[in-house]
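FYI, side chains are in, hydrogens and waters are out, and symmetry mates aren't considered; it's all heavy atoms of this structure. Just so you know, residue 1 is the first one in the sequence shown, and it goes up from there.
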Amino acid sequence: MNVFYEESGSFKVGSVVSKNDASLQVDTQHGKRAKIKAANVLVEFTGALNDFLPAAEALAAEIDLDFLWEVAGGDEFDVQVLGAEYFGHTPTATESAALLMRIYGAPMYFYKKGKGRFKAAPEDALKAALAGVERKKREQAQIDEWVAAMTAGELPDAIRARLMELLHRPDKNTLEYKAFDAAARAASVAPLRLAERLGGIPSVPDYLMAGFLMEHFPRGPGFPALPAPELPDDLPRAEVAAFSIDDAATTEIDDALSVVTLPNGHKRVGIHIAAPTLGIAPDSPVEKLVFNRLSTVYFPGDKITMLPDELVQAFTLEAGRDCPALSLYVEVDADFQPVSFENRVEIVPIAANLRHDALEAVFNEETLAAPGFGPDYPFKAELVWLWQFAVALEKRRGKYDPNRPVQQDYNFAVEDGRVIISTRRRGAPMDKLVSELMILANSEWGRMLAEAGIPALYRAQTAGKVRMTTRPEPHVGLGVAQYAWSTSPLRRASDFVNQRQLVAMIRGETPAFEQGSAQLFGILRDFDAAYSAYLAFQDKMEHFWCLRWFSQEGVTEPTATYIKEDLVRIDGLPLRLRLPGLPEQLVAGDKIRLAVVRIDELAGEIELRFLGKVGHDDVVPVDEVDDPSEAEAVGAPSHSGHG
């Protein structure tokens with residue numbers, strides 16, 4: 001006796017050696033002894049063991065599934081009964097096995113109900129299943145076509161249209177992803193390298209921008225239609241001539257300054273901050289936009305503003321306009337010591353917008369050291385006095401150090417695809433003047449809010465770590481007891497929130513955010529995360545443009561300043577790199593010469609080789625380094641240069 005049985009999804013045959021009610025011992029067609037369950041036996045037969053399966057398989061291939069499905073009808077059936085109807089006679093063992101093979105292999109047509117019992121699938125379900133099979137065939141054919149095109153070096157239009165999505169935020173269920181992934185695996189390259197090979201990344205900045213926008217601006221950087229702000233018309237007008245100091249490209253002018261001599265000989269310094277909260281109602285669509293975007297995003301060549309241009313223009317402190325502002329007035333005595341503070345919500349006339357490029361030429365260390373403080377220029381008297389006041393404020397914070405090494409700030413401009421990287425000395429008079437007065441305003445307003453018991457968003461630094469908090473805590477790096485960002489409400493949600501709180505404090509109103517406000521904690525959390533992400537993107541873009549600068553300027557042997565261990569800073573760029581294998585005798589501050597080995601802009605990598613110290617002829621050849629593989633390294637930025 002032989003048996004035809006099913007095991008682990010496969011059909012097999014065997015010659016019975018012994019059997020009982022639950023199991024059988026059989027010798028398979030391959031000569032192996034096996035134990036099988038009696039329930040798995042489908043057909044018993046006699047005759048040649050090795051001929052049975054091939055005969056059954058051949059017959060099964062001839063069975064018309066559609067006709068078989070029609071014959072089966074809608075009721076549950078026994079396979080032997082169906083076999084008799086289909087074949088027109090009681091099926092032989094071979095015919096029964098063939099029928100079972102065909103039915104088992106067509107689960108869309110027949111549902112298994114028990115041993116030897118099945119039910120034909122309903123017509124609607126069968127049509128849907130067959131349509132699905134056809135769809136999968138068409139999809140696979142499309143995938144194969146795209147893979148073939150990419151293998152041949154062509155990028156199909158459908159893949160190109162979704163390429164940035166495939167690289168940054170792929171949906172693995174799409175046909176485009178399956179084809180692109182298959183093509184990358186076939187070519188044994190990473191997806192990014194395949195995209196580059198196929199010409200899908202003509203612009204690295206655009207590639208980086210696409211990833212950033214998908215993550216943080218999935219609906220795009222544009223703005224929805226928003227109602228025009230209602231500017232206050234009942235504010236008192238300040239009797240000052242205020243001026244701002246900003247970069248030439250700045251459109252969001254948040255702060256301006258004024259100086260007035262008082263009858264007692266003291267000076268009254270006005271720190272005037274643009275006041276968008278006076279025209280943007282709580283819970284309005286514009287405020288929701290502020291709390292969604294959280295900050296302006298800066299990067300070389302462009303920016304994504306927190307507020308749309310028409311709203312920025314309504315509140316920016318533009319020259320020649322009377323602008324709503326939140327003002328902090330500081331009375332300063334002859335020794336440059338603050339003696340009193342006063343807050344006002346008012347209209348401030350803006351007399352001028354001074355720009356860095358024009359002002360720095362006449363207002364710098366050299367002119368301030370010259371007789372009469374150098375040549376005449378607009379607001380000279382105010383600027384010179386404010387600089388002297390700024391020095392006094394720096395001393396008051398305990399941060400004045402005339403011997404401190406000069407640090408450089410770096411500015412990036414992109415014109416027609418070329419990057420211009422310029423420097424400005426950090427702590428220069430213009431820089432110190434603005435920063436010290438903003439530190440004064442942020443620290444004093446933070447103190448006032450704390451004393452009034454009104455929560456705010458503070459920046460704190462303890463143990464070397466800067467963090468956001470809703471409670472006033474020291475900022476050790478700045479040397480102040482508390483520091484509440486309040487001077488950039490057109491560019492940062494933190495400053496916008498703090499201005500709401502300050503206006504409520506000044507007017508004696510209930511603040512928008514009370515102590516323990518869950519919404520305030522939520523804004524703090526979201527702002528902190530977004531601000532960090534935006535700065536990281538700025539760093540990434542600045543790093544790319546630093547790499548582009550090498551090829552653009554034809555620099556193949558840059559110089560660098562040794563910092564410590566394997567860390568160096570490329571001269572003239574905000575670029576710090578790890579360079580293993582440097583000589584141990586180098587000391588901090590040494591100038592060294594390097595050779596550019598390779599730059600990969602897309603991966604953000606640069607390989608450099610040490611040549612020697614500047615002014616020395618003892619260049620160290622690569623083969624004299626302990627480990628030749630350590631003579632070059634892949635570098636990544638450790639500081640972007642922004643403040």
**Student:** What I want to find out is whether K19 reaches E44 closely enough, with some N-O distance under 4.0 Å, to be called a salt bridge.
**Tutor:**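 Yes.
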**Student:** With no hydrogens and no angle check, do the side chains of E252 and T296 hold a donor and an acceptor under 3.5 Å apart?
**Tutor:**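 There is such a pair between these side chains.
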**Student:** Measure from the ring center of F4 to the ring center of F45 and say whether it is less than 6.0 Å.
**Tutor:**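 No, the ring centres sit 6.0 Å or more apart.
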**Student:** One thing to verify: whether E176 and R162 come together as a salt bridge, which I'm taking to mean a side-chain N less than 4.0 angstrom from a carboxylate O.
**Tutor:**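 Here R162 pairs with E176 in a salt bridge, since their nearest N and O are under 4.0 Å apart.
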**Student:** Assess the pair F496 and W485: is the distance between their ring centroids shorter than 6.0 Å?
**Tutor:**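 Ring centroids of F496 and W485 are no less than 6.0 Å from each other.
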**Student:** Keeping K119 on the side-chain end and G74 on the backbone end, is there a donor-acceptor pair under 3.5 Å?
**Tutor:**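 At least one qualifying donor-acceptor pair exists.
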**Student:** Does any pair with a residue in residues 98-112 pass side chain to side chain donor-acceptor pair (under 3.5 Å), and if so which ones, sequence neighbours excluded?
**Tutor:**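 Output for this query lists D66-Y109, Y104-K112.
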**Student:** Per the salt bridge (Lys or Arg N to Asp or Glu O under 4.0 Å) rule, which among K136, R135, K137 passes with E139?
**Tutor:**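 Looking at K136, R135, K137, the match for E139 under the salt bridge (Lys or Arg N to Asp or Glu O under 4.0 Å) is R135.
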**Student:** Please check: side-chain N/O of H216 versus main-chain N/O of A530, any donor-acceptor pairing under 3.5 Å?
**Tutor:**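 Judged by distance alone, no pair lies under 3.5 Å.
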**Student:** Report the residues that fulfil side chain to side chain contact (heavy atoms under 4.5 Å, CB included) with E310, sequence neighbours left out, ordered by chain and then residue number.
**Tutor:**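 Side chain to side chain contact (heavy atoms under 4.5 Å, CB included) check on E310 returns P308.
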**Student:** Say whether, by atom type as modelled, one donor and one acceptor occur between the side chain of S96 and the main chain of A93 under 3.5 angstrom.
**Tutor:**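 Checking the backbone N and O of A93 against the side chain of S96, no donor-acceptor pair under 3.5 Å is found.
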**Student:** Take atom CZ in R471; do more than 12 heavy atoms of anything else shown fall under 6.0 Å from it?
**Tutor:**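 No, CZ of R471 has 12 or fewer neighbouring heavy atoms, counting only those of other groups under 6.0 Å.
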**Student:** Side chains of Q499 and D495: is there a donor and an acceptor less than 3.5 Å apart?
**Tutor:**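 Not at all, the side chains of Q499 and D495 share no donor-acceptor pair under 3.5 Å.
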**Student:** So, are K12 and E7 salt-bridged, with charged N and O less than 4.0 Å apart?
**Tutor:**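 Yes, charged N to carboxylate O under 4.0 Å.
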**Student:** Any Lys/Arg nitrogen of D600 or R193 sitting under 4.0 Å from an Asp/Glu carboxylate oxygen of the other?
**Tutor:**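 So D600 pairs with R193 through a salt bridge.
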**Student:** Identify whether the distance between the nearest side-chain nitrogen and carboxylate oxygen of E134 and R138 falls below 4.0 Å.
**Tutor:**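 A salt bridge is absent here (no side-chain N lies under 4.0 Å from a carboxylate O).
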**Student:** Distance-only, no hydrogens or angles: does the N2 side chain make a donor-acceptor pair with backbone N or O of G47 under 3.5 Å?
**Tutor:**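 A pair under 3.5 Å: yes.
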